[in-house]
Peer 1: 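I'd like to ask some things about the structure below.
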There are 2 protein chains.
Amino acid sequence: MYLHKAPAEARLLQAALELLAERGYRGATTKEVARRAGVSEVTLFRRFGSKEGLFKAALSAFVPQGFLERLPRETAPLEEGLGELLAAYLDLLEAHRALLPKLLSELLRHPELGQGEALPLRTAMGQAVALFRAKQEEGLLRKDEPPEELALAFLGPLFARFLLGEALGVRLPLDPEAYVRGYLEGRYGAR
Amino acid sequence: MYLHKAPAEARLLQAALELLAERGYRGATTKEVARRAGVSEVTLFRRFGSKEGLFKAALSAFVPQGFLERLPRETAPLEEGLGELLAAYLDLLEAHRALLPKLLSELLRHPELGQGEALPLRTAMGQAVALFRAKQEEGLLRKDEPPEELALAFLGPLFARFLLGEALGVRLPLDPEAYVRGYLEGRYGAR
DNA sequence: TGGCATTGCAAGTATGTACTTGCATAAGGC
DNA sequence: GCCTTATGCAAGTACATACTTGCAATGCCA
């Protein structure tokens, strides 16, 4: 196997993410991405086919290695499972603190970028939903709401808290155990 | 005077604002602005000279007629002055609820658009600062902070509240009198 | 050492988009 | 009725940018 393959590709993905956040999808040129990655522009097109392919891949790849495997299985006990889910997402948000708000804004403006074959965030949300569904069937969570609602009610405030903190430039400390407890005692968690 | 002058110009400015919010500065093409305004593209360039000129003008003009005149003079009593200031800004935010968050995001990404000769928001902020400075000199506000700080402390939470509400899709009701009282009783307002 | 994969470089093509020019037309004001 | 002003239309220019092609160089592995 050709050893130099990984670095060029990885640098292109990283540069694409940064420029996407800095200048937006239309403002980020392939030439500039290649320059920042220290790679020729031709290589970019040989690897990713098109500008859109590159940015889709970048958005899919920005979820860290091992994130999906780290998510709790449906068989995990309720409270531990939620705790692990929360911890995994907290780490993800922390790892991309500076970029995420602008990336989200670009995703809203260019929905096609989120249509990547297996955008990991989508998969990750699917796994979270599976966990909530399993706990519903075990009778540990209320069944009068679809599991997607339960998952959103759990993760939504987390995103909101994060985005608000970034927008205002403040760090909002979060106690994971208290967050899980608060969810379980709240409206959606009540069984 | 040529009677048809105003409509074409006004429609161009309005279409430019909408497209700026929808697609961003780079994504908004002059052709599309002209089409939406129901005007030929060449008219756009004859009126505003360039794409940048058009969008600068649009950002300057989106402050409603009479807004500046409505701001309180330095001679207004403290509490009434703050109340009028607050009411004027509340109306402005209300008038542009849907557009403002995206416009602000574009302003952050393209600062040159804010460099308009007399961007009214800049002027408006200057008048607010003058009010706070006058009240400082009357001894009604603490003098150990620059008036710009006092103005920001007064208007900042208003903007934050508005942006948060838009981001989360909720309406946060605001009691103007309570807001002014809270400011005057708080840290920055204490004299 | 020979072959394959990966990359760079130089040069191109195609297209979109900002911006221009020339001419004709219509709407007022005087 | 003439002039100014505003506008549209058709056509075109200049440039940036996405994307391609051909060829040579380099690193790796068998």
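Since the model is a prediction, treat every value here as computed from it, not as a measurement. Numbers restart at 1 for each chain; the letters A, B, ... are given by sequence-line order, proteins then strands.
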Peer 1: Does K56(B) qualify as a cation-pi partner of F48(B), given the criterion of NZ or CZ under 6.0 Å from the six-membered ring centre and within 45 degrees of its axis?
Peer 2: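 The answer is no; the distance or angle limit is not met.
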
Peer 1: Remember a base hit wins even if backbone is also touched, and classify A34(B) as base, sugar-phosphate or nothing at under 4.0 Å, heavy atoms.
Peer 2: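 Nothing, no heavy atom under 4.0 Å.
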
Peer 1: In terms of side-chain heavy atoms of T29(A), which of dT7(C), dG8(C), dT17(D) is nearest?
Peer 2: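 Shortest atom-to-atom distance from the side chain points to dT17(D).
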
Peer 1: Report yes or no: is the cationic atom of K51(A) (NZ for Lys, CZ for Arg) under 6.0 Å from the centre of the six-membered ring of F45(A), at an angle within 45° of the ring normal?
Peer 2: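 Here K51(A) fails the 6.0 Å and 45° test against F45(A).
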
Peer 1: What is the distance, rounded to the nearest whole Å, between atom CD of E9(A) and atom C1' of dT7(C)?
Peer 2: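 Checked: the CD to C1' distance equals 13 Å.
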
Peer 1: I need the CZ-C1' distance between R47(A) and dA18(D), as an integer number of Å.
Peer 2: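 It is 19 Å, rounded to the nearest whole Å.
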
Peer 1: Find which nucleotide of DNA chain C each of K51(B) and V42(A) is nearest to by heavy atoms, and output the residue with the more 5' nucleotide.
Peer 2: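 That would be V42(A).
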
Peer 1: With no hydrogens and no angle check, is any side-chain donor or acceptor of R109(B) less than 3.5 Å from a backbone partner on E22(A)?
Peer 2: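 Confirmed, R109(B) side chain pairs with E22(A) backbone.
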
Peer 1: For T43(A) and dG8(C), is the shortest distance between a side-chain N/O and OP1 or OP2 below 4.0 Å?
Peer 2: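 Looking at the OP1 and OP2 atoms of dG8(C), one of them is under 4.0 Å from a side-chain N or O of T43(A).
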
Peer 1: Between S40(B) and F45(A), which has a closest nucleotide on DNA chain D that is more 5'?
Peer 2: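 Counting from the 5' end, the first nearest nucleotide belongs to S40(B).
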
Peer 1: Would you please classify the geometry between the F62(B) ring and the H96(B) ring as parallel, tilted or perpendicular, with 30° and 60° separating the classes?
Peer 2: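 It falls in the tilted class, 30° to 60°.
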
Peer 1: Look at K31(A) and dT17(D) and indicate whether a side-chain polar atom (N or O) is within less than 4.0 Å of OP1 or OP2.
Peer 2: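 For dT17(D), OP1/OP2 do not have a side-chain N/O of K31(A) under 4.0 Å.
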
Peer 1: Between G49(A) and R26(B), name the one whose nearest nucleotide on DNA chain D is closer to the 5' end.
Peer 2: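 The 5'-side residue here is R26(B).
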
Peer 1: Would you say T30(A) places a side-chain N or O within less than 4.0 Å of OP1 or OP2 belonging to dA18(D)?
Peer 2: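 Yes, T30(A) has a side-chain N/O under 4.0 Å of OP1/OP2 on dA18(D).
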
Peer 1: E41(A) has a side chain; which of dC19(D), dG8(D), dA18(C) sits nearest to it?
Peer 2: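 The answer is dC19(D), which lies nearest to the side chain.
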
Peer 1: With a 4.0 Å cut-off on heavy atoms, is V39(B) in touch with a base, just the backbone sugar-phosphate, or nothing at all?
Peer 2: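 V39(B): backbone/sugar contact only, no base atoms under 4.0 Å.
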
Peer 1: Whether the side chain of R46(A) and the base of dG8(C) hold a donor-acceptor pair under 3.5 Å is what I'd like checked.
Peer 2: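 Indeed there is one.
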
